[in-house]
Amino acid sequence: MIIAQPLTASGFAPFGDVMDASGAPDKLINAGLCGRYHDRAQMDFSDGRAGISIFNAQPRTLPYTCDLLERHPDGSQAFIPMTQHPFLVIVAPDEDGSPGTPQAFITKPGQAINLHRGTWHGVLTPLHAPGLFAVVDRIGSGANLQEHTVAPFTVQLSSG
Ligand SMILES: NC(=O)N[C@@H](O)C(=O)O
Ligand code: NI
């Protein structure tokens, strides 16, 4: 059983970026009526181009069982929730081309993530309906997908 930890930029740094509107904005724009949290994610594509898609994903129940991790060798992948619902993020370090020990995070409402290119992760895992997300990732040739079956593990939100 893996207990999901609150998502923080520092905790997630080995895997990707956390984007949100917390703290002071980097810029005030639009006559001071809008805070811009500027350039908060490192997009990276080996070729092709960046594309924006909308995902409508089925919510999962907890405890969540994961038996597959994947990664995108040719590009980063950002998941930007279109609701205030928290969602589950499962990632793992690479160990000689295979996923190492997985880690799970639970987002706070309003947090978005950008998985760095090649980061092992579980597929998008909403916990509440609607599971609506804007997704920014690579549009290009080839599958840009490496999947790895893992020994099934379960994820829960807290030990309580
Ligand atoms: N398949 C797809 O576009 N999405 C996955 O990569 C995912 O991480 O959810
Ligand atoms: Ni993915």
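One-based numbering, in listed order, for ligands and for the atoms of each. Small disclaimer: the values here were computed from a predicted structure and weren't measured.
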- Message: Using the ring pair (Phe, Tyr, Trp, His ring centres under 6.0 Å) criterion, which residues pair with F45? Sequence neighbours excluded.
- Response: none

- Any V135 side-chain heavy atom under 4.5 Å of Q77 side chain: yes

- Message: Can a donor-acceptor pair be found, under 3.5 Å and without considering hydrogens, that links the side chain of H72 to the backbone of N144?
- Response: yes

- Cluster question for you: counting only ILVMFWY and a side-chain heavy-atom cut-off of under 4.5 Å, with indirect links fine, are L127 and V18 together? no

- Residues two or more places apart in sequence or in another chain: which of them pass ring pair (Phe, Tyr, Trp, His ring centres under 6.0 Å) with H85? H128

- Task: Please round to the nearest 0.5 Å and tell me the distance separating atom CG of L28 and atom CZ of R36.
- Result: 12.5 Å

- Message: Do P102 and I2 make a side-chain contact, defined as non-hydrogen atoms from C-beta onward lying under 4.5 Å apart?
- Response: yes

Distances under 3.5 Å, N/O of ligand 1 against N/O of the protein: list each pair and its distance.
unit_1: ligand 1; atom_1: 6 (O); unit_2: E70; atom_2: OE2; d: 2.5
unit_1: ligand 1; atom_1: 6 (O); unit_2: H72; atom_2: NE2; d: 2.9
unit_1: ligand 1; atom_1: 6 (O); unit_2: Q77; atom_2: OE1; d: 3.3
unit_1: ligand 1; atom_1: 6 (O); unit_2: Q77; atom_2: NE2; d: 3.1
unit_1: ligand 1; atom_1: 8 (O); unit_2: E70; atom_2: OE2; d: 3.0
unit_1: ligand 1; atom_1: 8 (O); unit_2: Q77; atom_2: OE1; d: 3.0
unit_1: ligand 1; atom_1: 8 (O); unit_2: H121; atom_2: NE2; d: 3.1
unit_1: ligand 1; atom_1: 9 (O); unit_2: L124; atom_2: N; d: 3.0

- Message: Any side-chain to backbone donor/acceptor pair from D17 onto Q42? Under 3.5 Å, distance only.
- Response: yes

- Query: Which protein N, O or S atoms does the Ni ion (ligand 2) have within a distance shorter than 2.8 Å?
  - Reply: E70 OE2, H72 NE2, Q77 OE1, H121 NE2

- Test of ring centre spacing under 6.0 Å for F133 and F87: yes

